[in-house]
Amino acid sequence: MEKALYLGNEAIARGAWEAGVRVVSSYPGTPSTEITEAASTYPEINSEWATNEKVAMEVAFGAAMGGARAMTCMKHVGLNVAADPFFTAAYTGIRAGLVAVVADDPFMFSSQNEQDSRFYGRSAHVPVLEPADAQECKDFVKLAFALSEEYDTPVLVRVTTRVAHARSLVTLEARQERDVLPYEKDVRKYVMMPGNARGRHVFVEQREKKLAEASNKMEINRAEYRDLSIGVVCEGACYQYVREAMPEASTFKVGMCYPLAIEAVREFAEKVERLVVIEELEPFLENQLKAHGVACTGKEMTGLQGELDVKKVREILTGKKADLPQFPAMPGRPPALCPGCPHRVTFQQLKKHGYTVFGDIGCYTLGALPPLSALDASLCMGASIGMAFGAEKAHGKAFSRHAVAVIGDSTFLHSGITPLIDACYNGGTITVLILDNRITGMTGHQENPASGYDIHGNPAPQIDLEALCRACGAASVRTVDPFDVKALDAALEEETAREAVSVIVVKRACVLLKRGGEKK
């Protein structure tokens, strides 16, 4: 069979293709972005960048309900946005397979928090699979679709940054074509009004019990016996760390972390002298084991924060300082806006004039760092407008004469429209700067509804940001080029003095954008 060296993310896309998936809808977010980019290269998959993760989940659910296997991919904070449809989809179940892939980011390499998405599976009562390398990424996605259809449930596949962005060999197989199932109306299953939902909740409980029993016999949950003086329960990237750090140790490799194979782990625990759980972030496995009376240790040694690695795991398991080769220390290089970035000018002027700046998630978050040091706050996607309006409510309208909200074009369409409507509807006088660099920049130049192109680079309907903001109720909307510094300063002075919500679209293409016709 043919083999290829794939990123974990590329292998997930390959697994979806081999599984006969027809629809992939996602919103870009590191470390998950490459999954959907890779999926878009397969002509058999109808791929798209959705406006946000909630929409992506709903599109994938609609496809699965309609009879086609579907997948949606996002980073951990994106699952927060998609949680509403995700939780209810666990009640309705599906028709064709539905898989949600979530990429957690221990140590927050490109995120505003550390979040353990395994708890979403437990809370929604859906199975959670966690692959440990690229081959398993491919295989587990295919298994996830099989489980989804066998148990009438969405399935969550969780990876972390190390698995998503590490390369390893993958055995390539043929695509298994699957016919789209004919549509069937089923009101009691899919219309989640209270009367129907109560019945489906009973089904969810029954399904979970069946999955819990089946987990003990699944091949992806396996005991590997070596030295019986120590047994380590681990999953995902942590399995790789344990095998390298202490190859002589017995391991229980967890492939499905929820529902956990309790009886299989209990049998493993009875055969080893000491049981240790090695997992990143929260004590998800450890607490399940302790709740079922399986004695173990773990979090008191590994801690609740950041990534583990081979050195840390070896020191934890042996109790001795690990003498491993170290890379030479490199000078620190904090992230910075690119030379020539149009956002630099905007932040330069905001700082110069002493504005309070409520920021958002994107390239422009880097405006908080020296030498610009212009941002006062950054919370989550779309929050800048709501924060600015909340501060006005706290301090009065005079506060907004010296404060602005900044948000990117993609982030505005993701989750900035509703807070803009709220501010207009409730009599705000805030000024919003939409930093329109013609692309979704921070995650690697993905298209969005304001760019005029789809995921394949084909022309697509282009949102008119000015018209959209006027429709939301903004009293004044104008567009300026940030490189025209006098025009930018004049716009800031005039709009912050206005007794109503105003929007300045600060428009200039990302300096790295390679699309034809963009001025450098």
Side-chain angles (χ1 to χ4, degrees), residues 3-19 21 24 26 30-36 38-39 69 71-76 79 97-106 116-118 120-122 126-148 154-173 211 214-215 218-224 232-244 251-261 264 278-281 284-285 307-309:
K3 290 183 182 289
L5 193 61
Y6 274 6
L7 284 176
N9 282 346
E10 293 171 330
I12 290 171
R14 177 72 188 200
W17 179 80
E18 290 182 6
V21 166
V24 173
S26 307
T30 307
S32 73
T33 306
E34 297 88 357
I35 304 170
T36 305
R69 284 188 166 184
M71 184 170 76
T72 180
C73 313
M74 61 205 70
K75 68 183 296 176
H76 59 290
L79 189 52
L98 174 61
V99 171
V101 181
V102 59
D104 285 1
D105 190 18
D116 197 327
S117 297
R118 295 176 295 178
Y120 269 106
R122 181 171 188 173
V126 303
V128 183
L129 307 184
E130 183 160 356
D133 58 25
Q135 181 66 54
E136 285 193 351
C137 282
K138 192 199 80 158
D139 294 342
F140 280 27
V141 164
K142 295 170 73 172
L143 174 62
F145 280 103
L147 291 173
S148 177
V155 175
L156 192 63
V157 175
R158 182 222 189 203
V159 294
T160 58
T161 303
R162 291 298 161 189
V163 174
H165 286 165
R167 292 186 183 274
S168 55
L169 283 174
V170 175
T171 300
L172 306 183
E173 299 173 278
L211 278 161
S215 67
M218 289 184 180
E219 293 181 1
I220 61 172
N221 301 316
R222 65 176 185 266
E224 301 171 343
V232 184
V233 179
C234 46
E235 63 181 335
C238 290
Y239 171 76
Q240 307 289 6
Y241 300 151
V242 171
R243 292 294 296 119
E244 187 172 345
T251 53
F252 190 96
K253 185 184 183 304
V254 176
M256 184 163 79
C257 59
Y258 192 81
L260 183 58
I278 298 294
E279 57 184 328
E280 293 172 327
L281 302 181
F284 185 80
L285 303 177
E307 276 193 314
L308 296 175
D309 56 35

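Between the side chain of Ser26 and the main chain of Cys73, a donor-acceptor pair closer than 3.5 Å is present. For the pair Asp105 (side chain) and Thr30 (backbone), a donor-acceptor distance under 3.5 Å is absent.
The minimum heavy-atom distance linking Leu285 with Glu279 is given by the pair N-OE1, 3.0 Å. The two atoms that bring Val141 and Gly15 nearest to each other are CG1-C, 3.9 Å, heavy atoms only. The two residues Asn221 and Gly255 come nearest to each other via the heavy atoms OD1-N, 2.8 Å. Taking each heavy atom of Ala164 and Leu7 in turn, the nearest pair found is O-CB, 3.9 Å. Nearest heavy-atom pair, Met256 versus Ile220, reported as atom, atom and distance to 0.1 Å: N-CD1, 3.8 Å. When all heavy atoms of Pro127 and Pro259 are compared, the closest pair comes out as CA-CD, 4.2 Å.
Remark: Asp104 CG to Glu280 CD distance equals 9.5 Å, nearest 0.5 Å. Interatomic distance, NZ of Lys253 versus CD of Glu219, reported as 12.0 Å (0.5 Å rounding). Taking OG of Ser117 as the reference point, atom CG of Leu79 lies at 5.0 Å (rounded to 0.5 Å). Note that the CH2 atom of Trp17 and the CZ atom of Arg69 stand 14.0 Å from one another [nearest 0.5 Å]. To the nearest 0.5 Å, atom CG of residue Leu260 and atom CG of residue Leu211 are 13.0 Å apart. Distance check, rounded to the nearest 0.5 Å: CG of Asn9 to OG1 of Thr33 gives 8.0 Å.
For CD of Glu224, the number of neighbouring non-hydrogen atoms (other residues, nucleotides, ligands) closer than 6.0 Å is greater than 12.
By the 4.5 Å heavy-atom criterion applied to side chains, Val102 and Tyr120 are not counted as neighbours. Glu130 has its side chain out of reach of Val254: every pair of non-hydrogen atoms, C-beta onward, lies at least 4.5 Å apart. The shortest side-chain heavy-atom distance between Ile278 and Tyr239 does not fall under the 4.5 Å cut-off. At least one side-chain heavy atom of Met71 sits under 4.5 Å from a side-chain heavy atom of Phe145. Looking at Met218 and Leu147, their side chains come closer than 4.5 Å, going by heavy atoms from C-beta outward. For the pair Leu308 and Cys238, the minimum side-chain heavy-atom distance is below 4.5 Å. Within the 4.5 Å cutoff, the side chain of Val157 has heavy atoms near those of the Pro131 side chain. Within the 4.5 Å cutoff, side-chain heavy atoms of Tyr6 are placed close to those of Leu172.
With respect to the salt-bridge test (charged N to carboxylate O, under 4.0 angstrom), the residues Glu10 and Arg14 do not qualify. Glu235 and Arg118 are joined by a salt bridge, as a carboxylate oxygen and a charged side-chain nitrogen come within less than 4.0 angstrom of each other.
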(message) Under the criterion side-chain contact (heavy atoms from CB on, under 4.5 Å), I'd like the reasoning laid out for Val163 against Cys137: C-alpha separation, chi angles, the key distance, then a yes or no.
(response) CA-CA 8 Å; Val163 174; Cys137 282; 3.6 Å; yes
